[in-house]
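First the structure, in the form of structure tokens, and then the observations on it.
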Amino acid sequence: MPYDPERHGPRRIVGPDFHARVYAVVVTVPAGQVTTYGDVAAHLGSRQVARHVGFALAALDPGQGTVPWHRVVNSRGQISPRRFDDAPSEQRRRLVDEGVAVAVDGQVERFDSIRHVF
DNA sequence: CGGCTGACGACCT
DNA sequence: GAGGTCGCCAGCC
């Protein structure tokens, strides 16, 4: 399939400062609301880099910093499963702590109504 | 310098 | 609905 800017967005959206730009966007999500990897990516210029948003957040030290990484879920409104550790339960705790109802399977309740729009 | 590996999502079969 | 392809960065061997 040839490259199609209409569908794929601009090329080379990701760059050396990509992580920093992701964090700058995520910190604007208010407590009690959530956003998605795809939404953050779209806000940065291309939905194609949704994956890299995940990479950027994965690079964070979960216990350090001020980036509310727990407010980012996947496009279905579900906490994205990690490869190994139990970070999903940590993310669930943090969301519940700020008033976001999350089912045991990680599904954010009323996802559509608390989804933050950039 | 080469290869691997991650928190994704749209689209296709 | 399930499974595969593709986009293509940064960090760590």
Side-chain angles (χ1 to χ4, degrees):
Chain A
M1 180 203 301
Y3 171 72
D4 177 7
E6 291 295 321
R7 285 178 19 148
H8 299 129
R11 283 189 193 273
R12 315 248 80 202
I13 278 301
V14 183
D17 61 339
F18 186 72
H19 285 197
R21 292 165 59 211
V22 168
Y23 306 149
V25 171
V26 174
V27 292
T28 69
V29 180
Q33 289 191 266
V34 297
T35 188
T36 71
Y37 301 97
D39 286 346
V40 173
H43 193 58
L44 290 174
S46 173
R47 291 194 179 280
Q48 288 292 93
V49 301
R51 193 177 182 202
H52 297 295
V53 173
F55 295 163
L57 297 183
L60 288 171
D61 182 336
Q64 303 285 316
T66 57
V67 182
W69 53 268
H70 56 284
R71 296 179 191 142
V72 186
V73 296
N74 66 28
S75 63
R76 303 187 305 273
Q78 192 169 45
I79 292 175
S80 200
R82 271 64 163 181
R83 198 60 108 161
F84 299 116
D85 61 28
D86 60 346
S89 54
E90 168 67 14
Q91 181 167 5
R92 184 175 183 285
R93 259 197 307 280
R94 293 193 184 202
L95 286 173
V96 171
D97 279 350
E98 58 185 49
V100 176
V102 185
V104 284
D105 68 349
Q107 176 65 49
V108 172
E109 317 255 16
R110 296 184 295 289
F111 170 57
D112 290 336
S113 39
I114 64 169
R115 185 174 184 170
H116 175 70
V117 180
F118 292 108

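Letters A, B, ... mirror the listed sequences (proteins, then strands); counts begin at 1.
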Rounded to whole angstrom units, what separation is found between the CG atom of Leu57(A) and the P atom of dT5(B)?
21 Å
Roughly, in whole Å, what's the span from CG in Asp39(A) to P in dG9(B)?
9 Å
Would you say dG9(B) has OP1 or OP2 under 4.0 Å from some side-chain N or O of Ser75(A)?
yes
Under the side chain to side chain contact (heavy atoms under 4.5 Å, CB included) test against Gln91(A), which residue among Ile79(A), Val102(A), Val96(A) passes?
Ile79(A)
What nucleotide among dG6(B), dC8(B), dG9(B) has an atom nearest to a side-chain atom of Ser80(A)?
dC8(B)
Measure from the side chain of Thr36(A), starting at C-beta and using heavy atoms only, and say which of dC8(C), dG6(B), dG9(B) lies closest.
dG9(B)
Regarding Arg94(A) and Glu98(A), does a basic nitrogen lie under 4.0 Å from an acidic carboxylate oxygen?
no
For Phe118(A) and His43(A), take the angle between the two ring planes, folded into 0 to 90°, and tell me which bin it lands in: parallel under 30, tilted 30 to 60, perpendicular over 60.
parallel
From CZ of Arg76(A) over to P of dA2(C), roughly how many Å is that when rounded to an integer?
10 Å
In whole Å, what is the span from the OH atom of Tyr37(A) to the C1' atom of dC9(C)?
17 Å
Taking CG from Leu60(A) and P from dC9(C), how many angstroms apart are they, rounded to a whole number?
20 Å
Nearest heavy-atom contact between Pro30(A) and Arg71(A) is O-CD, 3.6 Å
Interatomic distance, Gln48(A) CD vs dG7(C) P [rounded to whole Å]
8 Å
His19(A) NE2 to dG11(C) P, straight-line distance once rounded to whole Å
6 Å
Could you state the atom-to-atom distance from CD of Gln78(A) to P of dG9(B) in whole Å?
11 Å
